[in-house]
Amino acid sequence: MALQVQVNQVPLKPSMAPSWRFNKQSVVCVARDYGFFSGSVLRNRGLSSPKVKCSSSSDATVTTTATVGEVTEVCKDTFWPIVEAAGDKPVVVDMYTQWCGPCKVIAPKYQELSKKYDDVVFLKLDCNQDNRPLAKELGIKVVPTFKILKNNKIVKEVTGAKLDDLIAAIEGARSS
């Protein structure tokens, strides 16, 4: 299925791309295969949305909302659409596993950081069996690993539960 983008509950077709108008508050997208769609379409139209909703299309629809000031759980289907929609905002991704002790220790501190930096999108990715292809694509070898992306590119990485290093990396990404 190709990406279907909706703004204010109105589906937009690829043929409408030159005249798309976005509500700067939200974009709703349903995606599994979004090959024709590029995050640059959103950025070129001035979207730097604090709210992005993405759903993977299947029999059971799962909706993920990335909201600035909160940590959003993502999966292999919702990760890239949310990162692309973030545009030039830094995106921090916490790659963790359920069984990892250091991951559990830093999780509440990561949550606090999401409230402190209102110009950064904070995501969490459980590196379980379902998300293994994405974890491999992102080069995850150890958890926790924090990747900071800007404009769809990884700009910083922090491995381990090192809060001071993570804060320095976030500050660096915000100022660049």
Side-chain angles (χ1 to χ4, degrees), residues 1-5 14 27-44 47-49 51-68 70-104 106-107 110-111 113-114 117 120-163 165-166 168-170 172-174 176:
M1 176 179 170
L3 180 71
Q4 297 174 354
V5 176
V27 170
V28 179
C29 54
V30 180
R32 270 223 188 260
D33 172 16
Y34 53 96
F36 76 86
F37 183 75
S38 168
S40 63
V41 170
L42 299 174
R43 285 190 301 280
N44 291 344
L47 180 70
S48 57
S49 71
K51 238 182 202 185
V52 178
K53 296 181 182 178
C54 292
S55 305
S56 60
S57 175
S58 65
D59 293 337
T61 300
V62 179
T63 301
T64 302
T65 303
T67 303
V68 174
E70 297 176 12
V71 176
T72 303
E73 184 79 30
V74 293
C75 67
K76 62 181 174 31
D77 295 323
T78 60
F79 177 77
W80 285 113
I82 290 173
V83 168
E84 288 180 358
D88 62 355
K89 283 186 182 179
V91 177
V92 184
V93 187
D94 174 9
M95 269 65 103
Y96 73 99
T97 60
Q98 297 290 325
W99 50 263
C100 168
C103 298
K104 292 176 184 178
I106 200 160
Y110 186 69
Q111 182 71 37
L113 289 177
S114 72
Y117 296 104
V120 178
V121 176
F122 286 82
L123 307 176
K124 287 182 72 117
L125 176 72
D126 187 351
C127 295
N128 58 22
Q129 188 67 31
D130 292 338
N131 294 322
R132 188 161 298 182
L134 178 57
K136 186 176 181 180
E137 177 185 342
L138 295 171
I140 304 305
K141 293 182 174 41
V142 63
V143 290
T145 295
F146 299 90
K147 299 270 185 176
I148 301 176
L149 297 94
K150 199 164 184 183
N151 296 317
N152 301 329
K153 293 185 173 96
I154 297 170
V155 295
K156 303 265 183 191
E157 177 180 308
V158 176
T159 56
K162 302 171 189 160
L163 185 61
D165 292 352
L166 179 58
I170 292 170
R174 287 175 70 224
S176 66

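Sequential numbering from 1 along the given sequence is applied to the chain's residues. Atoms considered below: every heavy atom in the structure, side chains included; atoms not considered: hydrogens, waters and symmetry mates.
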Any side-chain heavy atom of [X] sitting closer than 4.5 Å to one from [Y]?
X: Phe122; Y: Ile170; value: yes
X: Lys89; Y: Val68; value: yes
X: Gln98; Y: Asn128; value: no
X: Leu163; Y: Leu113; value: yes
X: Phe146; Y: Ile106; value: yes

Return the [atom1] to [atom2] distance between [X] and [Y], rounded to the nearest 0.5 Å.
X: Leu166; Y: Thr159; atom1: CG; atom2: OG1; answer: 11.0 Å
X: Thr78; Y: Leu125; atom1: OG1; atom2: CG; answer: 8.5 Å
X: Glu84; Y: Phe79; atom1: CD; atom2: CZ; answer: 10.0 Å
X: Lys141; Y: Lys136; atom1: NZ; atom2: NZ; answer: 10.0 Å
X: Leu134; Y: Met95; atom1: CG; atom2: CE; answer: 7.5 Å
X: Arg132; Y: Lys76; atom1: CZ; atom2: NZ; answer: 13.0 Å

Which pair of non-hydrogen atoms, one from [X] and one from [Y], has the smallest distance, and what is that distance?
X: Pro144; Y: Cys100; result: CD-SG, 3.9 Å
X: Thr97; Y: Cys127; result: CG2-O, 4.0 Å
X: Ala107; Y: Lys124; result: CB-NZ, 3.9 Å
X: Ala161; Y: Pro102; result: CB-O, 3.8 Å

- Task: For the pair Tyr110 (side chain) and Leu123 (backbone), establish whether a donor and an acceptor sit closer than 3.5 Å, ignoring hydrogens and angles.
- Result: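 Side chain of Tyr110 to backbone of Leu123: a pair is present.
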- Message: Using a 3.5 Å distance criterion without hydrogens, assess whether the side chain of Asp88 forms a donor-acceptor pair with backbone atoms of Asn151.
- Response: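 Answer holds: no.
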- Please assess Thr72 against Val121 for the test side-chain contact (heavy atoms from CB on, under 4.5 Å), listing each intermediate value before the final yes or no. CA-CA 8 Å; Thr72 303; Val121 176; 5.9 Å; no
- Query: Run the side-chain contact (heavy atoms from CB on, under 4.5 Å) check on Asp126 and Tyr96 step by step: do they pass?
  - Reply: CA-CA 5 Å; Asp126 187 351; Tyr96 73 99; 3.5 Å; yes
- Item | Salt-bridge criterion met for Lys147 and Glu157 (N-O under 4.0 Å) |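 Salt bridge between Lys147 and Glu157, a charged N being under 4.0 Å from a carboxylate O: yes.
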- Task: Go through the steps for Asp94 and Val71 under the test side-chain contact (heavy atoms from CB on, under 4.5 Å), then give the verdict.
- Result: CA-CA 9 Å; Asp94 174 9; Val71 176; over 6 Å; no
